[in-house]
2 protein chains.
Amino acid sequence: MDRFVSTFINKIDAKGRVSVPASFRAILERDGYAGGAVYCYPSLDAPALDAGGQTLAGNIDRLLDGLPDYSDERDELSVALYGDVHTLAIDQDGRIVLPEALRAHAGLSTHVAFVGLGQKFQMWEPARFEARRAAAREKVRQHRNLFGAGRRQLAPVVGPQRGPGSGHESSHESSHELGPGGEGGARE
Amino acid sequence: MDRFVSTFINKIDAKGRVSVPASFRAILERDGYAGGAVYCYPSLDAPALDAGGQTLAGNIDRLLDGLPDYSDERDELSVALYGDVHTLAIDQDGRIVLPEALRAHAGLSTHVAFVGLGQKFQMWEPARFEARRAAAREKVRQHRNLFGAGRRQLAPVVGPQRGPGSGHESSHESSHELGPGGEGGARE
DNA sequence: TGGGTCTCGATGGGATCGCATGGGTCTGTA
DNA sequence: TACAGACCCATGCGATCCCATCGAGACCCA
C-alpha cells in the first residue's frame with residue numbers, strides 16, 4: 001500500500017496556504033473522501049501536527065467504538081479525539097490552509113516540514129524537526145550499541161524533493177529512523 | 001460516515017441567536033428531519049449541551065430499548081434523556097435560538113464553543129471548554145499508553161532525554177496515538 | 001553524453017463566493 | 001398595544017477558485 005515517506009519543506013504564503021507535497025497528495029487521493037481532504041490534529045506529545053486520510057480517521061472511530069455510548073468517559077475522550085480534529089480541504093492547487101489553533105500548536109510561521117511516517121504524516125516547524133531528528137538518530141545509535149545489533153545500517157537517503165531554492169533547510173530525506181524499530185520493511 | 005469534528009466558536013447576538021457552524025449544518029441536513037432542526041439537551045455530566053440530528057435521537061431510543069418496559073430505571077432514564085430535550089429550529093441563515101433553560105445549564109452568555117464529538121456535538125461556554133479540553137487530552141494520553149502498550153513495547157527512540165534545542169515536549173516518537181493497530185499495516 | 005526543451009509541482013496574487021453577524025420588518029400571541 | 005419569534009436583507013472578512021510565473025527534474029535528440 002502507499003505510505004507517506006520522506007520529508008518535504010514547503011512555504012506558508014501570505015494567505016496561510018501551504019502546498020501539500022504532491023506525493024502525499026497522491027496517497028490521500030487514493031485513500032478516499034474524494035481525496036479532497038486531510039484529517040489533521042495536534043500531536044499529543046510533540047509540537048507537531050498529525051495528519052492523514054480516511055484510514056487515519058478510521059483509527060479514531062475504532063478507538064472509540066470500544067467505549068459505551070453516552071458514558072462520560074466516551075464524551076471526554078471524544079473531546080480530544082474529535083474536538084481537536086480539523087478537516088482541511090485541499091484546494092485545486094493542492095494547498096491547504098492551516099487554522100490558527102493548529103499553527104500555534106506546532107509553532108508554524110513561514111515554513112512547514114512534512115514528515116512521512118507511513119500511514120500518516122506530521123507537520124513540523126523545520127528547525128524543531130531538525131533538532132528532534134538529530135536526537136532520534138542519536139537514540140538509535142545508542143540502542144544499536146546496546147543490542148550490538150549490527151544489522152541494517154540505515155541507508156535511507158530517499159528524498160527527492162525540491163531543491164534548496166527556498167534555500168537553507170537542506171536537510172531532508174527519509175525520516176525513517178524515527179519509526180518504531182518494528183516495521184523494518186519500510187523500504188522496498 | 002459524516003461526523004461532527006473540530007471546534008468552532010460563534011457569537012450569540014442580541015436576539016439570542018447563534019450560527020451553527022456550516023460544516024455541522026451540512027451533516028445535520030444529511031441526517032434527516034428536513035435538516036431543519038437540532039435535538040438539544042443538557043449534558044448529563046458536564047456544564048454543556050449535547051446536540052445532534054436524527055441519528056442522535058435514534059441512539060437515545062435504542063438505549064432505552066435495552067431496558068425493560070415499565071421499569072423504574074427506564075422511567076427515570078426516559079425523563080432524564082427526553083425530559084429536557086429541545087428541538088431547535090435552524091432558520092434560513094443557519095442560526096438557532098437557545099432557550100433560557102439550556103443557556104443556563106451551560107452558562108452561556110456571549111459566545112458558544114461548538115465541539116464536534118463524532119456522532120453528536122456539544123455547546124460549551126468557551127472558557128469552561130478550554131479546561132475540559134485540557135483534561136481530555138491528558139486522558140487520551142493515558143489511554144493511548146494502555147492500548148499502545150501491547151505492541152511495540154520496545155519504546156525505542158523515545159528518549160526520556162530530550163533532544164537539543166526545542167527539546168521539551170518529550171521527544172516521543174508520537175506516531176500512532178490513534179492507531180492501536182497502526183504502523184504494521186504499512187504494507188499492503 | 002551534453003545541451004535544449006518539456007512537464008509538473010510549488011508559489012503569488014487577483015477575483016469570487018460563502019459564512020458568520022447585525023438589523024429591520026411582519027405576524028401571531030398575550 | 002407590547003413582545004417574542006421567524007423571515008429577509010445588507011455587510012465584512014476570510015476561504016476558495018482560477019490564472020500566471022518560476023524553477024527543477026525528466027525527457028529527447030543530436
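Within every chain, numbering begins at 1; the chains are lettered A, B, ... in the order of the sequence lines, protein sequences first and strands thereafter.
The distance from atom CG of Asp13(A) to atom P of dA15(D) is 12 Å, rounded to the nearest whole Å. Between the P atom of dT21(C) and the CZ atom of Phe8(B) lies a distance of 12 Å, rounded to the nearest Å. Following rounding to the nearest Å, Ile90(A) (CD1) and dA10(C) (C1') show an atom-to-atom distance of 14 Å. Look at CD1 on Ile9(A): it is 16 Å from P on dA24(D), rounded to the nearest Å. Look at CZ on Phe24(B): it is 15 Å from P on dC19(C), rounded to the nearest Å. When the C1' atom of dC7(D) is taken as reference, atom CD of Gln92(B) falls 5 Å away, rounded to whole Å. In this structure, CG of Asn10(A) is placed 14 Å from C1' of dG12(C), rounded to the nearest angstrom. Whole-Å rounding puts the Glu100(A) CD to dC13(D) C1' distance at 16 Å.
Ring centroids of Phe114(A) and Phe8(A) are separated by 6.0 Å or more, keeping the two rings apart.
Annotation: side-chain hydrogen bond (donor to acceptor under 3.5 Å, both in side chains) contacts of Ser19(A) (sequence neighbours excluded): none. Every salt bridge (Lys or Arg N to Asp or Glu O under 4.0 Å) that Lys139(B) has, sequence neighbours left out, goes to Glu76(A). When the side-chain contact (heavy atoms from CB on, under 4.5 Å) test is applied to Ala51(B), the partners found at least two apart in sequence or on another chain are Val38(B), Cys40(B), Phe121(B), Met123(B). Applying the salt bridge (Lys or Arg N to Asp or Glu O under 4.0 Å) criterion to Glu138(B), with sequence neighbours excluded, gives Arg141(B). With sequence neighbours excluded, the residues that form a salt bridge (Lys or Arg N to Asp or Glu O under 4.0 Å) with Asp13(B) are Arg17(B), Arg95(B). In terms of the ring pair (Phe, Tyr, Trp, His ring centres under 6.0 Å) criterion, Tyr82(A) has no residue partners (sequence neighbours excluded). For Arg128(B), the salt bridge (Lys or Arg N to Asp or Glu O under 4.0 Å) test picks out no residue, with sequence neighbours left out.
Listed by first and then second residue, the salt bridge (Lys or Arg N to Asp or Glu O under 4.0 Å) pairs involving residues 80-89 of chain A are Asp84(A)-Arg133(B), Asp84(A)-Arg137(B) (not counting sequence neighbours).
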Restricting both atoms to N or O, compile the protein contacts to nucleotides 9-12 of chain D shorter than 3.5 Å, with distance only.
{"from": "dC9(D)", "atom 1": "N4", "to": "Asp93(B)", "atom 2": "OD2", "distance (Å)": "3.2"}

Give each protein N/O atom lying under 3.5 Å from an N/O atom of nucleotides 27-29 of chain C, with the pair distance.
none

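Using a 4.0 Å cut-off on heavy atoms, the residues of residues 16-23 of chain B that approach DNA chain C are Arg17(B), Ser19(B), Val20(B), Pro21(B), Ala22(B), listed by number.
Here Lys15(B) does not reach the OP1 or OP2 of dA6(D): none of its side-chain N or O atoms lies under 4.0 Å away.
Here Trp124(B) sits in one hydrophobic cluster together with Val79(A), Val115(B), Leu117(B), Phe129(B); the rule is ILVMFWY side chains under 4.5 Å apart, joined directly or through other members.
Here CG of Leu63(A) is found 8.0 Å from CG of Asn59(A). Values are rounded to the nearest 0.5 Å.
Summarising the base pairing, dA30(D) is matched to dT1(C) through a Watson-Crick or G-U wobble pair whose two defining distances lie under 3.5 Å.
For Ala89(A) and Val97(B), each mapped to the nucleotide of DNA chain D holding its nearest heavy atom, the one lying further toward the 5' end belongs to Val97(B).
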